[in-house]
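The structure appears below as structure tokens.
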Amino acid sequence: MNDLLVAENVTKNFGSYTALNDVSISVPRGSVFGLLGPNGAGKTTFIRIINQITMPDTGKVFLDGEALKADHIRNIGYLPEERGLYKSMKVGEQALYLAQLKGLSKAEAKKRLEMWFERLEIGDWWNKKVQELSKGMAQKIQFVVTVLHEPKLLIFDEPFSGFDPINANLIKDEILRLRDNGSTIIFSTHRMESVEEMCDHIALIHESNKILDGKLIDIKRAHKSNTFNVGLIAANEDAVIDDLSRKFNIKPATFKSINDELRYTIRLEPNEKANDLVSYLTTQGELTHFVEVVPSASDIFIQTVQNS
Amino acid sequence: MNHLPLIIKREYLNRVKNKSFIVMTFLSPLIMVALISLVAYLSSLNNDTAREITVLDESGLFKGQFQNTENTTYILLTNVSLDSAKAQVERVEGYGLLYIPPADNIDELKDGVTFYSEESPSLLLIDAIEDKMEDTASDIKLRNAGLSPDQISELRVNINTNLETFKGEETSKMGSVFKLAFGGIAGYLLFMFIIIYGNMIMRSVIEEKTSRIVEIIISSVKPMQLLLGKIFGTSLAGITQFVVWVILIGILMTVVTVVFGIDLNSAGALQQEVVAQAQDNPAVNKELTLIAQEIYNLPLLNLVIMFILYFLGGYLMYASLYAAIGAAVDNETDTQQFMLPILMPLILAIYVGMFTVIENPHGTVSQVFSFFPLTSPVVMLMRIPFGVPIWQQILSVVILFATFMGTVWMAAKIYRVGILMYGKKPTYKELFKWLKY
């Protein structure tokens with residue numbers, strides 16, 4: 001039982017519109033799982049099914065090996081994309097209420113809240129009304145409320161929106177810390193750099209279908225195309241370029257370098273070896289740069305969506 | 001996990017701690033009592049103006065018939081021409097001039113009597129004058145026919161229709177009025193309660209939507225629980241407000257009556273007159289006893305039980321509809337088109353209650369509307385004081401509660417879809433589709 005959450009053949013229709021079509025996803029325990037997809041792909045519907053806000057038409061979802069049931073709510077923490085707080089309620093009062101809805105006792109909730117408020121240095125907000133807070137401040141409260149009951153599964157939908165870079169970093173560190181403490185995290189975002197930084201698994205949903213999933217590293221390996229960025233200082237540049245373009249599939253590269261050199265992206269055929277390229281290049285001049293081009297999560301996203 | 005008590009508690013506290021709610025709770029009775037006092041004060045002022053009526057009796061038949069009363073003073077003129085009498089009354093700004101032309105014979109007077117005044121006189125006053133003159137005239141005619149005063153008074157017949165049910169209980173006309181009042185107040189109270197607190201529920205649902213907290217909440221609790229918690233919490237706040245109102249109005253009324261000496265009952269001068277007359281008249285006295293008996297005979301236990309049942313059923317049914325509307329829209333301005341189907345049956349119920357039930361409490365229309373669940377709470381409450389067979393009451397309540405379950409089911413469906421829908425205002429067709437999601 002290495003997967004905390006397993007969704008099997010989940011389908012959901014709204015009238016004649018299919019929001020999810022036969023989607024199966026497994027979220028490994030202790031991972032940060034990126035749930036990606038263009039707008040309207042069905043990510044939010046999938047997340048709402050996990051939270052039992054909507055029910056799937058067919059298919060099953062298992063948490064920790066058990067079919068999803070009402071009691072599982074206290075094992076899940078969910079920070080929705082569309083989030084807010086009761087404006088006229090005081091921060092502390094409200095956090096206590098939301099924590100109690102997640103099944104914590106009032107005393108326990110208070111203890112944990114005080115710990116978290118101190119940790120995020122927001123202790124003096126307790127008696128403020130939410131309408132006095134800035135958007136970023138309110139987001140912090142929402143984050144605390146989401147993780148307070150220490151659920152096994154945390155779901156963050158665009159967790160960094162509305163945060164300045166400092167606070168975004170703070171929240172990112174908290175998310176990674178929660179993972180290190182044993183939580184499994186599903187993370188839905190359009191910010192590809194945070195996917196790159198944080199996710200170890202991803203699934204890509206497009207037009208209601210899952211079109212890609214797996215370990216991010218494996219996916220990258222599968223998507224690399226035997227392509228290399230090279231920098232070369234050559235005496236006779238024209239001859240070298242001529243020779244290169246005859247032998248390989250090349251195009252000018254844009255990487256930064258301190259040297260004034262020839263810069264090219266060279267794509268090898270699947271049967272050609274990088275070593276042979278290096279050997280060849282060293283005969284042509286001084287090799288200053290040789291890096292394999294690994295597709296970014298963003299490249300994979302765009303490429304896969306466009307090809308499907 | 002049952003979070004219902006927690007949700008009810010939050011909804012309740014959030015309501016009653018709200019500043020405008022507190023202000024309304026304490027200000028409304030003040031305003032109301034102030035208004036009632038003002039009306040009472042003004043109408044007593046209106047009544048106090050003494051009227052001076054000049055009488056020019058050229059026939060000489062009504063000597064001594066016009067006695068001064070508290071509010072009316074009669075001035076008798078003799079040996080003056082009509083024109084100079086008119087001029088004189090106008091000059092001193094008297095209330096009016098009653099002119100009785102010369103006549104040897106009572107019959108000649110039929111059409112000759114005229115009342116001259118600056119403005120149209122009070123109809124009550126003219127009635128009183130006519131009554132007085134008619135009594136005198138018929139006395140004179142009887143006397144002329146050779147009857148003694150004793151014989152005349154013996155001739156007077158006072159007919160008072162006694163109402164009696166087949167079971168032999170005596171009823172009275174005034175009793176019917178009390179029954180109507182009883183049912184009317186109960187029905188109207190329910191009507192007001194539904195509109196005020198139904199709206200409050202609707203606004204609270206919209207608030208949750210616009211503040212975007214709703215998805216956080218329903219990832220912890222079932223939408224049904226949130227919906228019920230909202231309805232119960234707001235209703236408790238409503239009942240609190242109502243109780244405060246009743247108590248405050250009671251206290252304030254007492255204070256106003258005692259301290260300022262304004263008799264709030266004097267708002268209706270006519271009423272006072274009726275009571276005053278009644279005290280003189282043994283027949284009416286009997287009537288009063290009957291009324292007391294009538295109230296005593298009202299099926300009180302039945303009424304109280306049914307009031308509670310209809311209040312709960314009717315209010316909860318409408319409250320769930322209001323909540324569904326709140327869930328379907330994003331802001332209050334969009335609620336208009338959905339309000340009509342709610343308000344129509346309510347207003348219809350009040351009208352049916354006020355016109356048809358009064359006309360005939362057991363007529364076909366009254367009966368049909370007292371079974372139709374959207375109108376039955378109001379209409380049946382108005383019918384019950386007139387005696388409705390128990391099977392009808394039970395059937396009507398069963399229909400009401402079945403409908404209540406239906407509306408809650410429907411509201412919950414619309415609610416669970418609607419609270420997560422932002423942006424465009426749905427059409428009825430879309431709402432219907434939501435039921436099937």
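Everything quoted here is computed from the prediction, not taken from an experiment. Quick note: numbers below take in every heavy atom, side chains included, and nothing from hydrogens, waters or symmetry partners. Convention: sequence-line order gives letters A, B, ...; per-chain numbering from 1.
Neither the backbone nor the side chain of B:Leu13 comes within less than 4.5 Å of any heavy atom of chain A. Within the 4.5 angstrom heavy-atom criterion, no atom of A:Glu81 approaches chain B.
The neighbour count for B:Tyr188 OH, taken as heavy atoms of other residues, nucleotides or ligands under 6.0 Å away, does not exceed 12. More than 12 heavy atoms of other residues, nucleotides or ligands lie within 6.0 Å of CE in B:Met339, so this atom counts as buried by the packing criterion. When the shell of 6.0 Å around CE of B:Met405 is examined, it contains 12 or fewer heavy atoms from other residues, nucleotides or ligands. Summarising the local packing, NZ of A:Lys110 is surrounded by 12 or fewer heavy atoms from other residues, nucleotides or ligands at distances under 6.0 Å. A:Met115 CE: more than 12 foreign heavy atoms inside a 6.0 Å radius. Other residues, nucleotides and ligands place no more than 12 heavy atoms under 6.0 Å from the CE atom of B:Met32. In the displayed structure, A:Glu108 atom CD is contacted under 6.0 Å by more than 12 heavy atoms of other residues, nucleotides or ligands.
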N/O donor-acceptor pairs under 3.5 Å from side chains in residues 84-93 of chain A, not counting sequence neighbours:
residue, atom, partner, partner atom, Å
A:Tyr86, OH, B:Glu208, OE2, 2.4
A:Glu93, OE2, B:Lys17, NZ, 3.1

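Of all heavy-atom pairs spanning B:Ser220 and A:Lys102, the tightest one is OG-CE, 3.3 Å. Closest heavy-atom contact between A:Gln100 and B:Leu6: CB-CD2, 3.4 Å.
Between A:Gln94 and B:Ile213, the closest side-chain pair of non-hydrogen atoms falls below 4.5 Å. The closest side-chain heavy-atom distance from B:Ile217 to A:Tyr97 is below 4.5 Å. The closest side-chain heavy-atom distance from A:Leu101 to B:Ile216 is not below 4.5 Å. Two residues are said to be in side-chain contact when any heavy atoms from C-beta on lie closer than 4.5 Å; A:Gln131 and B:Ser211 fail this criterion. B:Arg212 is listed as a side-chain neighbour of A:Glu82, based on a closest heavy-atom distance under 4.5 Å.
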Self-check item: Steps toward side-chain contact (heavy atoms from CB on, under 4.5 Å) verdict (A:Arg48, B:Glu215)
Solution: CA-CA 9 Å; A:Arg48 282 179 182 167; B:Glu215 195 163 353; 2.8 Å; yes
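To the nearest 0.5 Å, atoms OG (B:Ser219) and CD1 (A:Ile73) are separated by 7.0 Å.
Listed in order of number, the residues of residues 228-251 of chain B that approach chain A to under 4.5 Å between heavy atoms amount to none.
Contacts of A:Arg191 classified as side chain to side chain donor-acceptor pair (under 3.5 Å), with partners at least two apart in sequence or in another chain: none. Evaluation of the side chain to side chain donor-acceptor pair (under 3.5 Å) rule for B:Lys222 yields no partner, not counting sequence neighbours.
Contact count against chain B (heavy-atom pairs under 4.5 Å) is highest for A:Ile53 among A:Ile53, A:Asn51, A:Leu98.
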